[in-house]
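Read through the structure below, which is laid out as structure tokens, and then see the notes.
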Amino acid sequence: MIDLSLDFLLSVIAILFIVLCGFMMYIFYQRQSEVRFKKSRDIYLKDYSQLWYEYLFNNEIFSVVLIPRGKPQVQAIEMIFSSYLKNITNDDMRWKMKNFSNQYLKTFYENDLMNKRWSIRMNALYRIADLQLDELLDACKKLETTKYSKEEFFQLLKIYSLFQPELFIQKIKVPNANYSESEYRRLFVLLEEDTFMRFFDEFTSWSMSIQFAVIDTAAAKKNMKYIEKLEQLLTNENDEIKIRALKGLFEIGVIENINPYIPFVTSHLWEVRLMVGKIFKYVPLSYSYPYLEQLLQDENWWVRSQAAKTIAEDRDGLEKLKEFISYSTDHYAVEMAQETIMRKQGTR
Amino acid sequence: MKILHYSMLFFGGVIVFYMLFVIVSYCTMLIIAMLDLRKRYRLDPSEYDDAHIDAFYSKPVSLLVPAYNEEVGVVDTVYSLLNLRYPQTEIIIINDGSTDNTLQTVIKHFQMKPVNKIIKTNIHTKQVIQIYESEIYMNCILVDKVNGGKADALNVGINVSQYPYFCSIDGDSILDEKALLRVMKPIVLSDGEVIAAGGNIRIANGAKMQLGSIYDMRLPSNYLVIMQIIEYLRAFLMGRIALSKFNLVLIISGAFSVFSKKWAVEAGGYSTNIIGEDMELVVNIHRLIKEKKENKRIEFVPDPVCWTEAPHTLSVLRNQRRRWHQGMFESLWKHKKMTLNPRYGLIGMVSFPYFWLVECLGPVVELGGYIYIIIAFFLGQIYYEMAILLLLLFVIYGVIFSVASVLFEAWSMNTYPRKRDLLRMITLAFTEIFWYRPLTLLWRCEGLIRFVRRKSEWGNMKRVGIAEKEKSV
């Protein structure tokens, strides 16, 4: 038995060594090709980066030498475009990039979309969205007929949101497409005003992640048009929705009427009380002080801390806090007021 | 004579079966890791990075740097954190009563000024002496405290932190600029389902570095360090990735890991009475998840890289390995009731038995194998062949897996791009079973003995600073 095992083990080891030797040779070969690829890409970058700049920003005539011949040159163009897209907002530049991509890069990405390798398909989907290759919309739709991954479908949604918002709304409703809030935010932030507003209109029909992402996106856009929509959500049954709506209203930073917020001062949730404490920053202290004083004596440390901070931020805030210290019997609230005064006065 | 014969056959059989079991386990994990990395091969990661560099898509993180006598490395570590591409962070350096100039170095270098800061005590810790804030870098805080060990220092950091996630980084480690962004990826994309994530740790000895950024990666000249590099690659490919896929990770390195503050606090923070505080926290959180019946995960993220300084002398390495093994034993022993307990799901049924059998008892059986080979060669006859059989299994286990790991890493990540470096690693991998492996086995067994004798002491590694300074060793 041992003789047999030894022979068997020796054969296994020999086979494994041959496989590993082959793998090593492949790695060396691959590294060589990568060096050649990079060399070719870098030559293009060196020779034509200036020409691209002239064409994109100085209205020079497009030169045919810029048309890519092969993958290394496509990658060089991607690098040039990506650096401009990340750093410059210019409609004319974007239009030129889009036209060029639709004309000369389309075939490359169309082939990549049909590639067996998931990562290559994903890279192609990234580029289609970044370079706004709307002529590949049909090819993207065709991808849906194959077995696609969750990540691919997300990129497809992004592409639809850019080129065909109606289709985007239709597709996002598909129940098997569940993404994180952060991913939904990435989709919503790019939407046109009208399309985004539709998410508020049918608010309750969306999944929780979408509802949260809609509120957060509205807050990030800091658009006063959303104030009314967010205030409507303050009556929502879900506590998290209420907290986020308050947070969104705080981010937008315009409070015209204090009354809708007063009931939240006595909320059973400390997060809600904390958010109200923050929002009162946008209300004159003469209106908000009684409520802030109540929050300063809250049982929760964060709420007390925020209330003290909000009071201290007002022009008369420090005086109010000193006054409070003189008559209050709440040990914790007095301590918080004292520490806030110390910090504010810069006794660091 | 008969007793000797039967015991030789028995022990030989046990060791051979054990080795076969370990080889099969490692093979399975290697294949899972390969498939995972192959899927992502050539995927452009910049798309995610660029999208999530905005605070709107990410979550704020407090970076905790516990430092005890780290005057050589702490400044570079903080610079690497200042270089991080991440939208919202605060850096909290915790000086754990250092006896060298760590405190003065940090105060001087980052222009720290004392401040009065309100601290919410989530976890009970040793006394905080003073808090400082940098005048030149926003959100850079130094906490000076009474010495209480690394775990206590981290707990102070958790108390001082203001963000919902914290990341622990060793005072001698350097983070890649995108490391935090990528280690946070599973947390951000899972809407809080992932509550802790650990990054990939690499050895920085030999790298060229400036102000906390590594700009040229070269293999160091010290053979002991190269062997550790190979060992890290093996651990990464044959363990972490596969275990993470099934939420079975029990260890995410304290040198670079992110935790949800809420969960870490609820789990009691870092345990101060145990050596392996990082493993202990992970196990405690797993326990909490199961007890609360929540659907939460702890993940290992293969891509993010934290560079750390590896021991370059045998004595320091011995100390480190002894401590690691002792720490692992302590943690497993403390939670022994979770082993094979269906209440704890796969953690109890797979992870714990795996760690007991392969990680903890492995060194004892393997060392037994080495001793067996030596005895068998002297006894001759049938044992001679058994010894060769064992030796061949050691070749598969030690050499083949190491070479495969080195090659696979070269293919997927290409950390050491020079052909010469790759060949050197492969050549050294062939020598592993003759010197490095037996030595580490011996040290790990020492760790086991120390655990049994309940011996505990802090192993303070003598550092020369990462990268370039290695030349002076």
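In what follows, every heavy atom counts, from backbone to side chain, and hydrogens, waters and symmetry copies are set aside. Each chain gets a letter, A, B and so on, in the order the sequences are listed, and its residues count up from 1.
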**Prompt:** Mind checking whether B:Trp411 and A:Phe23 have parallel, tilted or perpendicular rings, split at 30° and 60°?
**Reply:** tilted

**Prompt:** Does a side-chain heavy-atom distance below 4.5 Å link B:Asp191 with A:Phe212?
**Reply:** no

**Message:** If you define the side chain from C-beta out and look only at heavy atoms, does anything of B:Asp44 sit under 4.5 Å from A:Met122?
**Reply:** no

**Request:** May I ask you to check whether over 12 heavy atoms, not counting those of A:Lys221, lie within 6.0 Å of atom NZ?
**Result:** yes

**Request:** With the side chain counted from C-beta on, respond yes when A:Ser180 and B:Val188 share a heavy-atom pair under 4.5 Å apart, and no when they do not.
**Result:** no

**Message:** With a 4.5 angstrom heavy-atom cut-off, is it the side chain or the backbone of B:Val395 that approaches chain A, or both, or neither?
**Reply:** side chain

**Prompt:** Do the side chains of B:Glu47 and A:Asn123 get nearer than 4.5 Å, heavy atoms only?
**Reply:** no

**Request:** Would you indicate whether the side-chain heavy atoms of A:Arg117 and B:Tyr41 approach each other to under 4.5 Å?
**Result:** yes

**Asked** Would you say the side chain of B:Leu423 lies within less than 4.5 Å of the side chain of A:Met24, judging by non-hydrogen atoms?
**Response** yes

**Heavy-atom proximity to chain A below 4.5 Å, by part of B:Val399** = side chain

**Asked** Donor-acceptor pair, A:Arg185 side chain versus B:Phe56 backbone, under 3.5 Å?
**Response** yes

**Asked** In chain order, what residues pass the ring-ring contact (aromatic ring centres under 6.0 Å, His included) check against B:Tyr26, with sequence neighbours excluded?
**Response** B:Tyr397

